[in-house]
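Some notes on the structure that comes next.
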Amino acid sequence: ETKLNGYTQIDLLQNRFYERAKYVVDTLRKQGYCYLDDFHGEVTALSILSEVKNLHQREKFTDGELVSSNGNGSMLNKKIRDDKIAWIDGKEENCQTISHHMTTVNTLIRYCNGLIDEYDIEHRTKAMVACYPGQGTCYKRHVDNPNKDGRCITTLYYLNPGWTEEKGGMLKLYPGGSEEAVKILPRLDRLLLFWSDRRNPHEVEPSHDVRYAITLWYFDKNERARFRKKQEEDERKKAILSQQENGSKDGKKD
Ligand SMILES: O=C(O)CCC(=O)Nc1cc2ccccc2cn1
Ligand SMILES: [Mn+2]
């Protein structure tokens, strides 16, 4: 391959990933969040946007699920989120550039993993493609991973060309749980990363125009394994309890 002052193209590419990973990890350490602009370049960003719009037209988005306001499932189902979402694994038809985004962020995170010793990042979720349809739709203040479900880094890729603050839809982040918020413009080709746990409560302000983003959550291997083990134990306990209940019911019958 062509040698540019001793470097091959691959070397340059790997250096580029290494440089960005270094900046990301240093910034995450310093302020808990970090964003990279012009992540893919405009042409690729617009191609991802057209695939997302196509998903939207093909009605592939579902309503964000309702969450009961006081947690006991009562009828007071209050909407805390108005986003419409689609889960994408990247193999779907007409999602090639979305898939390219997923592999590119994987590579960046793999380089970051080499620099972060508090986590061992090997897996991620599918891509959650989200759309806020405008008319004041928003997402109330929340923490992505409040109870150690394994997710350690949230990555949000924004797809909104020409977005301005007048359109609302700013991501308000409260880094370190502090009260003064940081406002992030959800502009095209911006990749935002932040720790998924209680260090980063955040909310989406009411949006007055259609607003698209793609989220990928990355797991810490150990926290995820502990969470899965706990989930299985809870399942077993539930199964035993329901058997006992059925058993006692049978007992009453005869
Ligand atoms: O679009 C943005 O700027 C961020 C939106 C956002 O926080 N979305 C979001 C979406 C979620 C969907 C399911 C479960 C947890 C979730 C947490 N956060
Ligand atoms: Mn969130």
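Remember, it's 1-based here, ligands and their atoms both numbered in the order they're listed. For the single chain, residues carry numbers from 1 onward in sequence order.
- Looking at H101 and V105, their side chains come closer than 4.5 Å, going by heavy atoms from C-beta outward.
- Using a 4.0 Å cut-off between heavy atoms, L192 makes no contact with ligand 1 at all.
- Between W195 and Y119, the ring centre distance stays below 6.0 Å.
- Taking the ring centre of Y158 as origin, the terminal cationic atom of R190 falls outside the region bounded by 6.0 Å and 45° from the ring axis.
- Within ligand 1, counting atoms from 1 as listed, the ones closer than 4.0 Å to a heavy atom of M128 are 10 (C), 12 (C).
- Between R29 and D117 there is a salt bridge, since at least one side-chain N of the basic residue sits less than 4.0 Å from a carboxylate O of the acidic one.
- Note: the hydrophobic cluster containing I98 also contains L108 (ILVMFWY, side chain heavy atoms under 4.5 Å, direct or indirect links).
- Closest heavy-atom approach to atom 3 (O) of ligand 1 within the set W217, Y158, F194: this belongs to Y158.
- For ligand 1 and H202, the ligand atoms under 4.0 Å from any heavy atom of the residue are 7 (O).
- Geometrically, R151 does not engage F219 in a cation-pi contact defined by less than 6.0 Å to the ring centre and at most 45° from the axis.
- Atom numbering of ligand 1 starts at 1 in the shown order; those under 4.0 Å from a heavy atom of D144 are 17 (C), 18 (N).
- Between E122 and R224 there is no salt bridge, since none of the side-chain N atoms of the basic residue sits less than 4.0 Å from a carboxylate O of the acidic one.
- Each of the following atoms of ligand 1 lies closer than 4.0 Å to a heavy atom of V204: 1 (O), 2 (C), 3 (O), 4 (C), 5 (C).
- Protein N/O/S atoms nearer than 2.8 Å to the Mn ion (ligand 2) total 3.
- Salt-bridge check for D11 with R16: failed, with every basic side-chain N at 4.0 Å or more from each acidic carboxylate O.
- Of the options N200, L156, T215, I184, the smallest heavy-atom separation from atom 4 (C) of ligand 1 is shown by L156.
- Between H202 and F194, the gap from one ring centroid to the other is short of 6.0 Å.
- For K230 and E235, the salt-bridge test fails: no basic side-chain N is under 4.0 Å from an acidic carboxylate O.
- If you look at H142 next to ligand 1, the close heavy atoms, those under 4.0 Å, all belong to the side chain.
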